[in-house]
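Any value given below was found using the heavy atoms of this structure, including those in side chains, with hydrogens, waters and symmetry copies removed. The sequence lines fix the lettering, A, B, ..., with proteins before strands; numbering per chain opens at 1.
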Protein chains: 2
Amino acid sequence: MTAQKTGSTDASDHLVEEFRAFLGKEGLKATRQRDLIVRVFADCKDHIGVEDLVQLVKQQDAAVGYATVYRTLKLLVQAGLASVRHFGDGFARFEPRHEEHHDHMICEKCGTIAEFHNEKIEELQEEVVRSRGWTLRRHRHELYGLCPNCR
Amino acid sequence: MTAQKTGSTDASDHLVEEFRAFLGKEGLKATRQRDLIVRVFADCKDHIGVEDLVQLVKQQDAAVGYATVYRTLKLLVQAGLASVRHFGDGFARFEPRHEEHHDHMICEKCGTIAEFHNEKIEELQEEVVRSRGWTLRRHRHELYGLCPNCR
DNA sequence: TTTAGTGCAAAATGTTTGCACCTCT
DNA sequence: AGAGGTGCAAACATTTTGCACTAAA
């Protein structure tokens with residue numbers, strides 16, 4: 001085998017597996033680059049931007065280009081294995097899809113991103129939507145403020 | 001006077017007034033273009049994109065350029081008279097600042113945008129943030145789904 | 001061997017900016 | 001007169017795409 005597997009973990013192996021399954025099902029091909037990108041993506045911190053991800057990937061294979069990373073992330077999202085977020089700073093952030101849904105708190109000073117979940121809010125959202133005759137498919141709920149360190 | 005005032009309303013006159021006050025206070029100048037842009041902005045439907053706004057403005061003065069519209073909107077936001085929203089479709093939407101805060105419901109099929117407000121959700125947000133030692137400055141809460149017509 | 005993927009560079013998109021000229025104050 | 005504004009086109013930043021070449025299946 002020629003592909004390196006530096007930094008592989010259970011989590012990344014698992015995501016690579018799932019992604020390969022998706023590719024197979026869709027008649028798409030598994031490639032060295034896709035495996036690498038997905039593995040790096042699975043192991044890095046959440047809410048990573050493409051720029052940062054490319055840097056990490058290039059540490060293991062300098063030949064991988066932006067286009068491939070963009071294309072792979074798009075496929076991951078289509079596969080339901082990742083989700084995109086736009087926090088209004090101009091570029092997209094990606095995170096592996098978590099089992100449990102969560103929303104985000106963003107520190108406007110240091111940029112820290114934390115996660116939160118509140119079941120009551122989720123229920124109220126449903127209620128708001130239903131009472132107006134709409135159907136809820138997804139939502140985005142972001143709280144911007146100052147984290148404990150920056151207050 | 002040379003500036004046209006087609007379509008002027010109480011609402012638009014009021015916003016123009018406020019904006020002029022802001023400009024004066026900041027040592028900036030009131031201009032024909034700024035008046036026009038603000039007037040059109042105040043009278044059109046909420047959540048307008050720059051593209052659409054430019055079209056409306058050009059109907060009254062074809063010489064006004066994109067740059068001026070962008071610059072004026074930025075000033076309006078700085079003045080606290082308008083706010084920007086990014087709904088993830090790539091371009092910014094603007095709306096005049098309302099007295100009462102509200103959030104948005106977006107139809108994923110026809111693009112309709114409705115507004116909602118739920119005080120209980122607002123309180124729960126505050127609680128989430130406070131319990132983690134954060135301070136809430138602003139938030140974004142968007143519900144994506146299907147409107148009654150598109151279900 | 002056929003179909004899809006890759007890397008590059010060019011294009012596209014939404015937004016900002018440099019500059020010569022114009023216009024408020 | 002002088003500070004600031006405008007319109008244009010060029011610059012930007014992020015993301016997408018066309019194409020010749022390469023690699024899975």
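Atom P of nucleotide dG5(C) and atom CD of Q78(A) are separated by 11 Å, given to the nearest angstrom. A straight line from NZ of K58(A) to C1' of dC8(C) spans 11 Å, rounded to a whole angstrom. Distance CG (L23(A)) to C1' (dA25(D)): 13 Å, rounded to an integer number of Å. Taking atom CG on L36(B) and atom P on dT6(D), their separation rounds to 11 Å, with Å as the unit. Regarding D61(A), its CG atom lies at a distance of 18 Å from the P atom of dG5(C), rounded to whole Å. Per the geometry, CG belonging to D52(A) stands 15 Å off C1' belonging to dA13(D), to the nearest Å.
The phosphate of dT6(D) has OP1 or OP2 within less than 4.0 Å of a side-chain N or O from R34(B).
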**Prompt:** What is the per-nucleotide protein-contact pattern of nucleotides 19-25 of chain C, from the 5' end, where B denotes a base atom under 4.0 Å from a protein heavy atom, S denotes such proximity for sugar-phosphate atoms only, and - denotes neither?
**Reply:** -----BS

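Using modelled atom types, no side-chain atom of R20(B) and backbone atom of L15(B) make a donor-acceptor pair closer than 3.5 Å. A donor-acceptor pair is defined here as one N or O able to donate and one able to accept, closer than 3.5 Å; such a pair exists between the side chain of R140(B) and the backbone of H86(B). Checking side-chain atoms of R97(A) against main-chain N and O of G80(A) turns up a donor-acceptor pair under 3.5 Å. The main-chain N or O of V64(B) is found under 3.5 Å from a side-chain atom of K58(B) such that the two form a donor-acceptor pair.
Taking the ring centre of Y144(A) as origin, the terminal cationic atom of R138(B) falls inside the region bounded by 6.0 Å and 45° from the ring axis.
Remark: H102(A) NE2 is packed, more than 12 non-hydrogen atoms of other residues, nucleotides or ligands lying under 6.0 Å away.
Nearest-nucleotide assignment on DNA chain D puts the 5′-proximal partner with E26(B), out of A63(B) and E26(B).
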**Message:** Could you walk me through whether E142(A) and H104(A) satisfy the side-chain hydrogen bond (donor to acceptor under 3.5 Å, both in side chains) test, starting with their C-alpha distance in whole Å, then the side-chain angles of each, then the deciding distance to 0.1 Å, before giving a yes or no?
**Reply:** CA-CA 5 Å; E142(A) 291 149 20; H104(A) 297 96; 5.6 Å; no

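Inspection of the E119(B) and H117(B) side chains reveals an N or O donor paired with an N or O acceptor under 3.5 Å. Counted by atom type alone, H141(A) and Q125(A) present zero donor-acceptor pairs between their side chains at under 3.5 Å.
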Check nucleotides 14-16 of chain C against the protein and report each pair of N or O atoms closer than 3.5 Å, with its distance, or say if there are none.
residue, atom, partner, partner atom, Å
dG14(C), O3', G90(B), O, 3.4
dT15(C), OP1, A92(B), N, 2.8
dT15(C), OP2, Y70(B), OH, 2.7
dT15(C), O5', Y70(B), OH, 3.2
dT16(C), OP1, K74(B), NZ, 3.4

